[in-house]
Each structure stands twice: as C-alpha cells, then as structure tokens.
There are 2 protein chains.
Amino acid sequence: MTARISDDEFTPRQSAVLECALELLVAGGEKALTTAGVARAASCSKESLYKWFGDRDGLLAAMIAYQASKVRAFSDDGGMMDAARFRAHLVDFAHDLLQVLAGDVSLALNRLAIGQASREGNRLARLLIERGRRRIDSRACALLEAGMRRGLIRYEDRDDVYHTLYGLIVRDLHVRMLLGEEGARRPIHFADQAERAVERFLALFAAREEERAGGI
Amino acid sequence: MTARISDDEFTPRQSAVLECALELLVAGGEKALTTAGVARAASCSKESLYKWFGDRDGLLAAMIAYQASKVRAFSDDGGMMDAARFRAHLVDFAHDLLQVLAGDVSLALNRLAIGQASREGNRLARLLIERGRRRIDSRACALLEAGMRRGLIRYEDRDDVYHTLYGLIVRDLHVRMLLGEEGARRPIHFADQAERAVERFLALFAAREEERAGGI
DNA sequence: AATAAATCGTACCGTACGGTACGGTTCTGT
DNA sequence: ACAGAACCGTACCGTACGGTACGATTTATT
C-alpha cells in the first residue's frame, strides 16, 4: 500500500527530498526520475525513500501532493464590486492561470501524469486534477457567481460559461507548452492574452446596460 | 541515424507492423510499447524492426508519420458560400476537430509525445505538430479566410481569431482527455459543443448585417 | 551517558528492456 | 531452377532500474 497520501503533511526532510525530486523531474523528465537519482540528489538513502513513500508511484503521488500544498488557495472578492473591478478580477485570474500553467513544475507534473494516463486507475492524473485543478476552478466559479449575483454577467450553466472562459484564455496554449513548443512559453504575451480573453468573454456574457440596474 | 522519415512511404508489411505497434500503444501506453512486444504482436523479428526504423525512437517517429499519412487533408470550400453555409462549415470543422482529438490513436500519440517532450530536441512532439496539426490549422485558416473574403466575418489577425475559435471549441477538453478523465470522452456531446462554440464564435466575429453587403 | 530509533551509503538481486547475432525459411529476380 | 536477399524466430548480451538488506552513523529519548 502506497503510503498515506491523504495526510499531505511532510516532514521538513521529506519536503527537501521532494523538492530535489521535482528538480530532477523538471530537468530531465520522467526518465531522469530514478529512485537512485533522487536518493543521490537529495543525499538520502533509497531505503528511506521506500519507507516514506512506499514505492516509486507513491513518490510520484507525493510529489504532486507536495507541489499542490505549496499553492495557496485564493479567496478574493468579499468587498463590493462594480463592473470595472469585476473585469480587473477576471483579467487577474486569466493572467494567473496562464502563469501557473506555464510554470516549469506544473508542466513537468502534467507531462508525468499524462504519460502515465494510459495505465489503469489513472491515480496520478486524478490526483493532479483533484489537487491542482479544483483550486483554480473554485476560484473562477466563485468569481463568476459573484458577477452573476451582482448582475454584471448573465448565464444559465455556470460550468459551461466557466469552461468557455477557460478556453478563451488558454486556447491550445497548454497542449503546445506540454509538447515543448518553444514559442508557446512567452510570458511577455500573457498580459495581452489575458486582456483579450476577458474582452471577448465579456462581449459574450456581460449583461446589457439596461439589465445591470435591476431585475430580469 | 534514425532511418529516413522524410519519405513517409511504408511497405505494406511495414504498415501492418506499425498498425500493430499503434494498437499496442493505445492498449497499454508507452510502457507497453517494447520492441519485443511489437515484434511478437506483428509476427516479425526484432532485427527487421531495427533494420526498418533504426532504433526505438525511429519506430515511434514512424508510427506518428504513418498515422498522419492516414488522415487525408480536406480541401472543402470552392463553391459559393452564404452565411448559413459558412456557419455549417464551421460547425463541421468543430465537430471533426473534437472527434479527431478524442480518437484513441490521437490521444495515445499525444501522450507519447508529451511524455517525451522534456528530452532535448523534442523530435516526436515537433513531428506530431508538423504532421498532425498543420492539416487542421490550414483547413481552418482557409475556411476563415474564405469567410473574411466574402465579408461574413471580420478580423485583423487571422492566427489570433483561429486560436480563439480553437479555444471556444476545445476548451480544456483535450488536456482532460489526455489525463484520462472518464467523463471527458463523451462523443455524444460533441455535436452540441460544436454548435455552441460556433454560435459564440460568430457572436464575436460575424460581420454585422450592414457590413455584409458591401465594403468597409 | 546510554539506549533506541531513524537515517545514510553502499552493495546486492532479479528482471526487463534495447540492441545484436545467427541459423533456418520464405520470397524474389533471372 | 537456382542464387541471393529479405525475413522470421530465438537466443544472447549488457545495462539500467526498482526494490531489499545491512552495517555504520547520526539523532532523539530518558
């Protein structure tokens, strides 16, 4: 049984080891992530690795859990919000999303999970979605619901509109980055892209002026 | 040197072997794609594999080239096109795109290329983009340019508008399918999704009635 | 300080895989 | 029909990796 992963607390030593493992993964992909390699890079024994994480798969799962635990969940909104602030929040979200997806570690972990996705169970992929994606989803959905409540946008199916926002922001960039396309990772353009995506999103879903004031 | 891949003609025997290899890859992922396994499944000798494809990487490249060669390039349009036909062409494109991306072999090859993307050079990933993606891109761009020429849509940057169309159609579905998410591959919903995506695309880029008739 | 637990480094084992070699067999060209 | 090439099946080699064992060393506990 592959060690406990429900308890995502790691000792400092274990965290340091996982950090080294992530570095190895980022540098050389899954092929470079050997147990002996991690042990050497982290100056620990293979025996400790197996004791802490069970087996290699447990190590991979721990790396995902560890990385996810480093990303703090946002809880923006709260204050009052007019159309301009709502738009700014959307742009912030878009920019953050692009930056997260373009991160070295994020790309490496996604490549890892996708590479293993054909295996039965899909443990890693499910973990990645559960731990990494849910946060982003919930942040965006909270934002969208706030916009809806204040009459700034109109929609029927929240998930549908969220996925549309996602598509407008990310397009095929994520897959292109996962494939290692050089030109794809130009964080310089992220700000522009975030603006344009939100522009189009609001063009599709913003409530019209006359609706913004009151009822239906 | 990894055999010639620029000449994408394979003998019938080689094609049969590559077919078996693709089956193996789809069934069990990269891990299941061993030279011995391919030889056994295809009833050929490992020596022939190495003679034909050079080494394992050459085999992978040949699989991509072979699969790409099976997909015939569209050359739709040609006839005259009004707004309704243009819309129908867009929906067709969207539907085809979703169906292609959701294909077993497509997903398996993308997983393979992504899993190897961290290696230097990125040969497989570049091959996949070059051979697989370009066709889709060119079909869509031809369609968009035809729509532009006939005054049905208006845009400034063709690539930008194409990527927006792509994002509206695919959203995060491709990555979710690559991660093996069960709910993602529901071809039943593809038709709906294609309709909705085109709807939104036209809401963003369709020329207004008064523009459709004549000049600026 | 003494004892127990945890950890390190290294060595070891079994297996699986990439790649090669070779004898026997089928296909091809003349 | 015959020679030569292509090909199949199998066996073989070296290596690399996952996983285990163990003595030496460090750390924690009382």
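The figures here come from the full heavy-atom set of this structure, side chains too, leaving out hydrogens, waters and symmetry mates. In the text below, chain A, chain B and the rest are named by the order of the sequence lines, each starting its count at 1.
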Closest approach of B:Val71 to B:Arg135 (non-hydrogen atoms, all atoms of both residues): O-NH1, 3.4 Å
Bending between helix ends of the helix from C:dA1-D:dT30 to C:dT30-D:dA1 [5 pairs per end, 10° resolution]: 30°
message: Keeping B:Gln67 on the side-chain end and B:Ile64 on the backbone end, is there a donor-acceptor pair under 3.5 Å?
response: no
message: Can you see if the side chain of A:Ser48 gets near the phosphate of C:dT7 - specifically, an N or O under 4.0 Å from OP1 or OP2?
response: no
For a quick test of your reading: what N or O donor-acceptor pairs under 3.5 Å do the side chains of residues 29-43 of chain A make, sequence neighbours left out?
{"from": "A:Glu30", "atom 1": "OE2", "to": "A:Arg56", "atom 2": "NH1", "distance (Å)": "3.4"}
{"from": "A:Glu30", "atom 1": "OE2", "to": "A:Gln116", "atom 2": "NE2", "distance (Å)": "2.8"}
{"from": "A:Thr34", "atom 1": "OG1", "to": "A:Gly37", "atom 2": "N", "distance (Å)": "2.9"}

- prompt: Can a side chain N or O of A:Thr35 be found less than 4.0 Å away from OP1 or OP2 on D:dG18?
  reply: yes
message: Between D:dC8 and B:Glu47, counting only base atoms on the nucleotide and side-chain atoms on the residue, is there a donor-acceptor pair under 3.5 Å?
response: yes
- line: Result for 5'-nearest mapping on DNA chain C, choosing between A:Val17 and A:Lys46, is A:Val17
field: Closest listed nucleotide, where the reference is the side chain of B:Thr34 and the choices are C:dG18, D:dG18, D:dG9
entry: C:dG18
- request: Look at B:Trp52 and D:dC7 and indicate whether a side-chain polar atom (N or O) is within less than 4.0 Å of OP1 or OP2.
  value: yes
- prompt: What nucleotide among D:dG18, C:dC17, C:dG9 has an atom nearest to a side-chain atom of A:Arg56?
  reply: D:dG18
query: Is the shortest side-chain N/O distance from A:Arg13 to OP1 or OP2 of D:dT26 below 4.0 Å?
result: no
Partners passing side chain to side chain contact (heavy atoms under 4.5 Å, CB included) against B:Ser15 (at least two apart in sequence or in another chain): B:Phe10, B:Tyr66
- prompt: What is the distance, rounded to the nearest whole Å, between atom CG of B:Asp57 and atom C1' of C:dC17?
  reply: 14 Å
